[in-house]
There are 2 protein chains.
Amino acid sequence: MFLLCDSVSNGRPLYTQDMPGALYLVATPIGNLEDITYRAVRTLSEADLIACEDTRQTRKLLDHYGIHKPTVSYHEHNEAERAEELAARLLGGLTIALVTDAGMPLVSDPG
Amino acid sequence: MFLLCDSVSNGRPLYTQDMPGALYLVATPIGNLEDITYRAVRTLSEADLIACEDTRQTRKLLDHYGIHKPTVSYHEHNEAERAEELAARLLGGLTIALVTDAGMPLVSDPG
């Protein structure tokens, strides 16, 4: 969230009452596909867009749970340009879920 | 697992290849009932018996996920006698899931 805020608002928080979009950080399994919570699966199912470290890797998880939502790559090599695009979509009202290949984005990423 | 082993075998591990029973430590939500993994729900669903800190508290979780398995109380006030009984059931081949009111039994119990 910090990166998204920082890239379009010079560090000011983007969130206002006029902003209907939301960014969810979703923890994903680190080995066993069953090691994911019901809330995480629901959040992925309800998101408009899923930003992934590696879309092919995340697709395995989404397919396992029958989640058919669009994905977009978002990783260290495209962060600069992609962050602005994702922030614009959030401002446009989209709900975006951010995941890494495994673990909790920005907190614990053992993948 | 340690307590169960210790109470009936003077510290020797109970597990042998002849022992078909199994004890699972299952982490439960600390506030939001959706914060439980698919593997945890499956383990509870497949257990023969669920040993609970407070059976009424755990029943709320089990009801939420439609799990109809017998429960037995197992907490600090009945640990001495109950441990031996549970160990005997494990030796008899039962699969037992151990839970606390919230969190991970023996690891993190914030309840």
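These numbers come from the heavy atoms of this one structure, side chains and all, not from hydrogens, waters or symmetry mates. The chains referred to below are lettered A, B, ... by the order of the sequence lines, with proteins before strands, and numbering in each begins at 1.
For residues 85-108 of chain B, there are no ring-ring contact (aromatic ring centres under 6.0 Å, His included) pairs, not counting sequence neighbours. Identified under the salt bridge (charged side-chain N to carboxylate O under 4.0 Å, His left out) test for residues 64-74 of chain A, with sequence neighbours left out: none.
In this structure, the side-chain hydrogen bond (donor to acceptor under 3.5 Å, both in side chains) partners of A:Asn78, at least two apart in sequence or on a different chain, are A:Ser73.
In this structure, A:Leu23 is a member of the same hydrophobic cluster as A:Val107, with clusters built from ILVMFWY side-chain heavy atoms closer than 4.5 Å.
Applying the 6.0 Å contact sphere to CD of B:Glu76 captures no more than 12 heavy atoms from other residues, nucleotides or ligands. Residue B:Ile30 places its CD1 atom among 12 or fewer non-hydrogen atoms of other residues, nucleotides or ligands, all under 6.0 Å distant.
Contacts from residues 38-49 of chain B to chain A, taken as heavy-atom pairs separated by less than 4.5 Å, involve B:Tyr38, B:Arg39, B:Val41, B:Arg42 in sequence order.
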